Amino acid sequence: MLKTPKKKMYIYADNAATTKMSPSAIAAMVVTANEVWGNPSSLYTTGQKAKEALEQARKNVAQIIGAQPREVYFTSGGSEADNQALRSAAAIGAKKGKKHIISTAFEHHAILHTLKALEKEGFEVTLLPVHAEGIVRPEELAAAIRPDTCLVSIMTANNEIGTIQPIRELGAICREKGVLFHTDAVQAVGHLPINVAEDNIDMLSASAHKFHGPKGVGFLYVKKGIPLTNLIEGGAQERGKRAGTENVPGIIAMVTALKDAEAARETTAARLTVLRDRLIAELSRIPPSALNGDPVRRLPSNVNFCFEGIEGESLLLLLDDLGISASSGSACTSGSLDPSHVLLAIGRVHDVAHGSLRLSLGDDATEEQVDYIAAQVAQVVEHLRGFSPVWRDLKEGKRQFIL
Amino acid sequence: MALYSDKVFEHFRNPRNVGIIENPDGVGEVGNTVCGDIMKMYLKIDDDVISDVKFETFGCGSAIASSSMATELIKGKPLAEAMELTNKAVAEALDGLPDYKMHCSVLAEEAIQAALIDYYTKKGLEMPEELKKAAARAAAHEE
């Protein structure tokens with residue numbers, strides 16, 4: 001049975017799923033709701049005050065990502081931004097008779113499902129491989145671009161395994177070939193340096209709740225001159241491209257969180273990288289196991305492991321009992337029969353993909369937390385292997401080790 | 001709403017009859033690592049009664065709880081009763097399972113049937129009708 005830790009800790013290690021709102025973002029949201037509650041489209045002072053706050057927020061976002069304010073559109077989050085970016089680029093392509101789109105096998109479903117829908121509408125989609133290290137190869141992108149390619153969409157950092165893509169290089173290839181380049185930067189904004197101009201990005205999606213802002217808010221950056229297709233009709237908001245009265249308190253809170261994240265970004269990244277590598281080293285001592293994705297080119301907060309002989313959901317539930325919140329790419333945690341498409345895309349077979357664990361550290365993570373996580377994971381894996389028929393077969397040589 | 005009932009959590013955290021039986025009278029394994037659940041049941045049978053049962057499971061919380069509950073439901077029971085155990089009975093005894101987890105209780109039912117089929121086969125005994133049907137279903141499933 002599991003041993004109760006001498007000192008039980010509570011550690012939220014699922015920051016890739018969502019982050020807790022920062023006190024400053026909450027305060028900004030409350031103040032805005034109290035004092036800047038007007039409709040930005042109204043002409044009287046109360047409305048114009050909200051309009052001013054909204055436009056100041058747009059300026060701040062633009063400044064942080066190296067864009068012009070008019071190139072920033074506020075949305076309900078990353079999924080909406082992804083949908084609108086893809087739909088818009090597809091519409092532009094269709095007008096020119098270009099109906100080929102390139103993306104990758106391990107994108108977020110907001111991208112993959114939209115691409116599936118576009119396929120039904122007559123578009124052809126090429127998904128680039130991401131290889132064992134979870135990184136797209138620029139030469140493979142260059143080779144995949146055709147005269148009828150209208151869009152390339154590649155995420156900045158993967159949401160499950162945290163691997164960072166060579167965005168600037170990929171963007172340069174798209175520029176050279178005259179193809180629109182979109183990046184889903186939901187996991188990256190606030191955590192990695194991003195400059196849309198220097199990084200050759202035409203469109204970028206972001207979501208506030210991944211950097212301690214509120215849920216239900218995000219933004220889409222769209223380079224000047226690229227016409228957007230509306231997903232939501234019904235008003236002149238967001239330059240007529242996204243109807244609906246603006247979520248001013250949410251937007252202000254998002255920008256507050258983004259400014260804080262940017263100010264602390266480099267120091268947080270340096271600190272987390274050390275802790276991440278410590279956790280990876282510790283978890284490597286629970287063989288047979290393997291880190292998923294490149295060990296270096298990954299988000300400073302992300303650790304993702306496969307443990308052979310166990311299943312991820314039971315691992316998560318027992319870790320929860322021990323105070324640790326984490327996630328898994330196991331089929332049982334997704335409600336489907338297949339494990340994570342990301343793990344399958346980097347070549348993990350079903351057998352081990354079911355035994356995966358994603359830990360995404362918080363900005364306030366400590367060495368003590370990391371050591372606690374490693375000790376509890378070791379304990380739970382050993383417990384589950386203790387009555388796993390798969391583990392018995394592996395030990396007795398009736399089944400081949402995969403990892 | 002919690003992910004599972006208290007009973008599922010209780011059996012998942014403190015599974016009953018975990019382990020193996022050396023030289024079992026019947027052993028059955030169902031599921032596969034592709035779908036993500038494997039259950040293995042070991043039976044000790046004396047005078048047509050399940051005198052002992054143990055299990056090993058690779059799977060999610062509800063798979064472990066279903067195995068544990070299934071062993072509880074057949075331990076000390078006559079063979080005739082054990083072979084009639086249904087997945088529904090397992091799920092009900094656990095105060096229900098989410099719809100998409102019902103297959104875990106099906107695996108528990110099938111694992112016990114597989115162990116019973118193994119017992120009859122090894123002993124060279126004529127299988128009761130229920131088990132013959134279960135064996136036919138399992139064979140069809142294999143193909």
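Owing to the predicted nature of the structure, the values given are computational and were not obtained by experimental measurement.
Around the CD atom of E119(A), the shell of radius 6.0 Å holds more than 12 heavy atoms that belong to other residues, nucleotides or ligands. With a 6.0 Å radius and a threshold of 12 heavy atoms from other residues, nucleotides or ligands, K133(B) has its NZ atom at or below the threshold.
L318(A) touches chain B through backbone and side chain together, each having a heavy atom under 4.5 Å away. For a residue to count as touching a neighbouring chain, one of its non-hydrogen atoms must lie under 4.5 Å from one of that chain's; by this rule R392(A) touches chain B with the side chain only. Heavy atoms closer than 4.5 Å to chain A are found nowhere in P98(B), neither backbone nor side chain. If you measure heavy-atom distances from I64(B) to chain A, the contacts under 4.5 Å come from the side chain alone.
Side-chain contact between W391(A) and P288(A) is present, with at least one heavy-atom pair separated by less than 4.5 Å.
Chain A is approached within less than 4.5 Å, heavy atom to heavy atom, by F55(B), E56(B), T57(B) from residues 49-57 of chain B, ordered by number.
Chain B forms more heavy-atom pairs under 4.5 Å with one residue of G309(A), S314(A), A353(A), S388(A) than with any other, namely S314(A). Interface check for chain B: of the options D321(A), L2(A), L384(A), the most heavy-atom pairs under 4.5 Å are formed by D321(A). Here C60(B) is the residue among G61(B), C60(B), G19(B), P15(B) with the most heavy-atom pairs under 4.5 Å with chain A.
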- prompt: For C306(A) and L403(A), what are the C-alpha separation, side-chain angles and deciding distance, and is it a side chain to side chain contact (heavy atoms under 4.5 Å, CB included)?
  reply: CA-CA 8 Å; C306(A) 280; L403(A) 297 177; 4.0 Å; yes
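Aromatic rings from F307(A) and F305(A) are positioned such that their centres are separated by under 6.0 Å.
Aromatic ring pairs are classed by plane angle as parallel below 30°, tilted from 30° to 60° and perpendicular above 60°; the pair H109(A) and H341(A) is tilted. Relative ring orientation between F387(A) and H383(A) is described as perpendicular, the plane-to-plane angle rising above 60° on a 0-90° scale split at 30° and 60°.
Here K75(B) does not pair with E72(B) in a salt bridge; the nearest charged N to carboxylate O distance is not below 4.0 Å.
When K20(A), K210(A), R358(A) are each tested for a salt bridge (Lys or Arg N to Asp or Glu O under 4.0 Å) with D14(A), only one passes: R358(A).
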